Amino acid sequence: MSDSSTRPLTALDSARLRLPEKPALEGLEATWISRWEADGVYRFDRSRPRVEVFAIDTPPPTVSGSLHVGHVFSYTHTDVIARFQRMRGKAVFYPMGWDDNGLPTERRVQNYYGVRCDPSLPYDAAFVPPTTPGKQAVSVSRPNFIELCNRLTAEDERVFEHLWRSLGLSVDWSMTYATIGTRAQRVSQLAFLRLVKRGLAYQVEAPTLWDVDFKTAVAQAELEDRELPGAYHRIRFTLAPAEFIEIETTRPELIPACVALVAHPDDPRYQPLFGRSVTTPLFGVPVPVKPHPLADPGKGSGIAMICTFGDVADVTWWRELSLPVRAVIQKDGTLGPVQWGSPGWESADPDRAQRHYDELARLSAAKARAKIVEQLRASGDLVGEPRAISHAVKFYEKGDRPLEIITSRQWFIKTIELREELLRRGQELQWHPPYMRARYENWANGLNGDWCVSRQRFFGVPFPVWYPMGQDGRADYEHPIAPPEEQLPIDPSTDVPDGYRMDERGQPGGFVGDPDVMDTWATSSVTPQIVCGWPDDPDLFARTFPMNLRPQGHDIIRTWLFDSVLRAHLEHDSLPWTNAAISGWVLDPDRKKMSKSKGNVVTPMALLEEHGSDGVRYWAASGRPGTDTAFDSNQMRVGRRLAIKVLNASRFALASAEPQGRISAGVDRAMLRNLAALVNEATEAFEDYDYARVLQRTETFFWRFCDDYLELVKGRRYGEQGADGAASANSALTAALSVMLRLFAPFLPFVTEEVWSWWQSGSIHQAPWPVPEELESLLLDNSDVVRQSEQAIYDWAAEVLFEVRKQRSEAKQPLKIPITKVIVKADAANVDRMRLVEADLRAALRVRAFETTVGDPREILVQGYDDPPA
RNA sequence: GGGCGCUUAGCUCAGCUGGUUAGAGCGCGUGCUUCACACGCACGAGGUCGGGGGUUCGAGCCCCUCAGCGCCCACCA
């Protein structure tokens, strides 16, 4: 008959107690991981109402190889909070996702199997990938390619889950999702179609950021600057015979794409030219000179050429000045064919233009640049020599060549007109740490276009639309065909819209599927909706959304966090979660961001095996929210030592922990008073997401508990001062142990669970978070006066311990030689305290007698030692 | 160019709303097989809290300024 329902957790049930002979950390992970799974310790209880749920929008790690130490770091932070909330009585909703869609997986599959996706090929059900990738990539159909993606990611996900379990993440493993999975596809497509219906998503043919190697549009959020060598080329345009205007450009190969020159409206040098026309060198194209405030009189010659398109400024000018398009860069990054003299390509001398251009056509932008410089030099239009500079160039973050801006048909989600509303959402969101909000606001304020969400890639969520084909064989993009919501998800490249037949695909009068897939962030930005069951499980959704916490890294504030806020704002007119906890980076010891390659030198699994999961978690949890933290295996060793100490101290506390009884002794009461104060502080810090502080304070208390308190009560708890004294010590020991284990439990889930199992029932991770009342009910009198005076005993005892130990150490007297007498002079309050703790001090310090008097200044003096035994 | 963060012992970091001689761990040194723990215990030596100025009875904490490091953002012809 268990008494666990009524027995306080601070009390000992000797019938249950089972102490190991020699406690050890080895094997705890394996034991408890399977027990937790078998007992469903972390299972989400979906019967609980919203207020009792704590819902976490866990980042789905990218399944593109392996997890590294940075993942271990930040996922531990989340888990620590999850465990705290669970102990606070919350039903923790803590699913795990895998981000397996998108380019990283495509690349990995290509390399792993030696294949290449060719969407024009038919599905081959019998296809088997080569056992070892050959030199020549094998072309496979899109469905075959996706099968391989699914196969490889499934393997990766098993490895990931194993690591997460080993680390002790208290995820509910019955609730996992994949961003390429059916559920994620359904939510992504459904949310998208609803935006289309409301006019918040649209497609348009417009200049977009383009990666020429991946041959896909990309979004502003995926850009990064890279510093590259370049050169200013000073080039002359013809104003009139023998009259020239000089411009400077870093991209002379775009001269054939020039559509205008632009200068600042207030620039007196160029004011007379506004409205006039100049002629481009080599190609003889007449282009207007236009005023625009964006032009910087201080840059170069103060007048710039506008090309379609060299950079985003060109797009702005082109749009605002209503200029024509004269595009030369193609989707593969080469210069395309041009018929000079044809409409749009008017030239004063078409033959000369064609001669020059034919040398450039089919060259990459970089090669064309070298070529055109030769041509300009030969024609005399290059003024001076190119001046080498180093400048920032925009790249797709995963790309190898500079971005181009290319006109293409793409899907967009409206963001620009929502800027103010999104900034308000950012204010509404609670950020941990608060200063991370600035990054969100920087980003929102810097947005210069709507979010391009379509990608010309394969392994992703397809756009769930088809287009009718006219009799002329052209797709009618203005009238997309959407499936009914209940049919989602669909793949328009294999599924057929209602009212059409399979054989009408691609036929005049038939239909064609949208060939593109969504930006991976378009799926990731609805992870709250995916995990919370929107819209198919309204009951779950009502219990979990808006969620409580989004944990993530600061590098993806502008993507994942921002996009998620946008999507929830659009779809639900709310934040997706109330709190965002931003983790820092893991840095190399030399202060650089720990790269994946370096992180893989020490694999997470090897770390867990070497230092124990609790040891690694200790290191991770000491990194405060938002703060970059150095990779430090030394800290992991410290964490491991702490876990071992927990084992040993617990064994001591529980061995011969009877009799139990009233807690009357001064140090016992003092220790528990201080512990109660710690519980208050820890709870407050945890509620503020300052887990690192909780760990640090708890650890400090615990070491002092071991070094001072345990030494003080050692003799008494074995009965040296009688049964009452022993009972007091034993009851205080078990109470303190119970509370400290629970304070440590979120950080050191394995060792605390192990010790808990020696003497308690159930999992510590389902036990209630400690409250001061548990301890105060044992201390009976809790008036402020008593509370404060008792708390101070602990410091006094520690001071005497320290002083006497110091003097013994300086005198080089071994502990086995008793101290004959210690003189103590102190104020009246401490003299009173001395009476309460003297017996414990005598035992702990091997002091035969204290001579305590009121006096000033305070003095603690060892008077002499017994003679050493003959 | 705009913004954010950081700069405290050899190393990694705490120092909450300003209050007595600035803290911890690691490392280092000395000593100790003390009946939970040698994966241990005790003690010790290490800091003009980045520089300068200011506010205050009082500043590592507040203000100004300079310097260095890191990051975010920016239409960088």
Side-chain angles (χ1 to χ4, degrees), chain A residues 19 22-25 225 227 230 232-233 247-251 254 261-262 292 294-296 299-307 310-317 389-394 433 435-448 554-555 557-558 584-585 587 589 591-593 612 615 619 622-624 626-632 634-635 637-638 640-655 681 684-685 688 690 692-693 696-697 699-700 703 706-707 710-711 714-715 718 801-802 804-816 844 846:
Chain A
L19 281 186
K22 178 88 181 158
L25 296 180
D225 284 353
E227 197 70 16
Y232 278 127
H233 304 76
I247 61 107
E248 284 200 331
T249 179
T250 54
R251 299 201 62 183
L254 292 179
L261 298 188
V262 65
H292 193 280
L294 191 55
D296 181 351
K299 237 171 240 163
S301 58
I303 186 165
M305 72 170 181
I306 304 175
C307 305
D311 61 25
V312 279
D314 281 345
V315 179
T316 306
W317 282 322
I389 55 160
S390 174
H391 64 156
V393 178
K394 296 224 177 291
Y435 60 78
M436 285 295 175
R437 176 185 286 123
R439 306 214 176 179
Y440 175 93
E441 292 176 346
N442 274 350
W443 176 251
N445 285 318
L447 281 174
N448 55 26
H554 52 59
D555 52 326
I557 288 175
R558 67 176 183 173
W585 289 116
L587 303 175
R591 303 267 87 190
K592 296 265 174 52
K593 186 195 154 197
W619 160 75
S622 62
R624 312 184 104 70
T627 306
D628 292 346
T629 300
F631 176 82
D632 189 354
N634 212 12
Q635 280 303 106
R637 265 195 290 276
V638 172
R640 181 181 165 79
R641 235 172 286 182
L642 173 63
I644 293 166
K645 195 78 172 176
V646 169
L647 284 178
N648 287 315
S650 301
R651 207 183 97 84
F652 170 79
L654 294 171
E681 187 188 1
E684 214 170 287
D688 198 29
D690 195 355
R693 186 187 186 87
Q696 185 225 319
R697 294 307 167 99
E699 185 192 10
T700 301
W703 279 107
C706 292
D707 295 345
L710 291 185
E711 294 302 321
K714 212 171 250 184
Y718 288 127
L801 273 180
F802 172 76
V804 174
R805 280 170 176 166
K806 178 173 163 173
Q807 288 171 46
R808 183 191 282 279
S809 182
E810 283 167 354
K812 302 209 174 194
Q813 288 290 337
L815 192 66
K816 60 189 170 208
R846 297 219 178 177

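As the structure is a computational prediction, the values presented were derived from the model and not from experiment. Order of the sequence lines sets the chain letters (A, B, ...), proteins ahead of strands, with each chain counted from 1.
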### Message
Counting the atoms with a prime plus P, OP1 and OP2 as sugar-phosphate, which does A/W317 contact under 4.0 Å by heavy atoms, base, sugar-phosphate, or nothing?
### Response
base
### Message
I need the A/H554 NE2 to A/D628 CG distance, nearest 0.5 Å.
### Response
4.5 Å
### Task
Using a 4.0 Å heavy-atom cut-off across all strands, classify A/D707 as base, sugar-phosphate, or nothing.
sugar-phosphate
### Message
Classify A/A295 by what it touches in the nucleic acid, base, sugar-phosphate, or nothing, heavy-atom distance under 4.0 Å.
### Response
base
### Task
Please tell me which of the listed nucleotides, B/A36, B/G44, B/C4, lies nearest to the side chain of A/A438?
B/C4
### Candidates B/C16, B/C73, B/C75 - which lies nearest the side chain of A/W443
B/C73
### Query
When all nucleic acid strands are considered with a 4.0 Å heavy-atom cut-off, which category describes A/N448: base, sugar-phosphate, or nothing?
sugar-phosphate
### Sugar-phosphate only, base, or nothing, as touched by A/L647 at under 4.0 Å among non-hydrogen atoms
nothing
### Task
Answer with base, sugar-phosphate or nothing: what part of the nucleic acid does A/C307 contact at a heavy-atom distance below 4.0 Å?
nothing
### Query
Just how far, in rounded Å, is P of B/U30 from CD of A/Q807?
22 Å
### Task
Please evaluate the base of B/C37 for a donor-acceptor partner in the side chain of A/K645 within a cut-off of under 3.5 Å?
yes
### Query
Counting only heavy atoms not in A/E684, do more than 12 fall under 6.0 Å of its CD?
no
#### Entry: Between B/A14 (C1') and A/R624 (CZ): distance, integer Å
6 Å
### Query
Base, sugar-phosphate alone, or nothing: which one does A/E711 contact when heavy atoms must sit under 4.0 Å apart?
base
### Query
Under 4.0 angstrom, heavy atoms only, what part of the nucleic acid is A/K812 near: base, sugar-phosphate, or nothing?
sugar-phosphate
### Task
Answer with base, sugar-phosphate or nothing: what part of the nucleic acid does A/R558 contact at a heavy-atom distance below 4.0 Å?
sugar-phosphate
### Touch class at under 4.0 angstrom, heavy-atom based, for A/A304 against every strand present
base
### Message
Looking at A/R558 and A/Y440, would you say the former's side chain and the latter's main chain have a donor-acceptor pair under 3.5 Å?
### Response
no
### Task
Using both distances under 3.5 Å as the test, list the Watson-Crick or G-U wobble partner of B/C61, or none.
none
### Query
Can a donor-acceptor pair under 3.5 Å be found between the side-chain atoms of A/N648 and the base atoms of B/C39?
no
### Query
How far does CD of A/E711 sit from CG of A/L801, to the nearest 0.5 angstrom?
8.5 Å
### Task
Pick base, sugar-phosphate or nothing for A/A649, based on heavy-atom distances below 4.0 Å to the nucleic acid.
base
### Task
Specify the separation, in whole Å, of atom CZ of A/R437 and atom C1' of B/C71.
19 Å
#### Entry: Sole candidate of A/D311, A/V312, A/T316 that passes side-chain contact (heavy atoms from CB on, under 4.5 Å) when paired with A/D314
A/D311
### Query
Is A/T316 touching bases, backbone alone, or none of the nucleic acid, heavy atoms closer than 4.0 Å?
nothing
### Query
Roughly how many Å is it from OH in A/Y435 to P in B/G2, rounded to a whole number?
22 Å
### Message
Applying a 4.0 Å non-hydrogen cut-off, can you work out what A/K394 is touching in the nucleic acid: base, sugar-phosphate, or nothing?
### Response
base
### Message
Base, sugar-phosphate or nothing for A/R637? Non-hydrogen atoms, less than 4.0 Å.
### Response
nothing
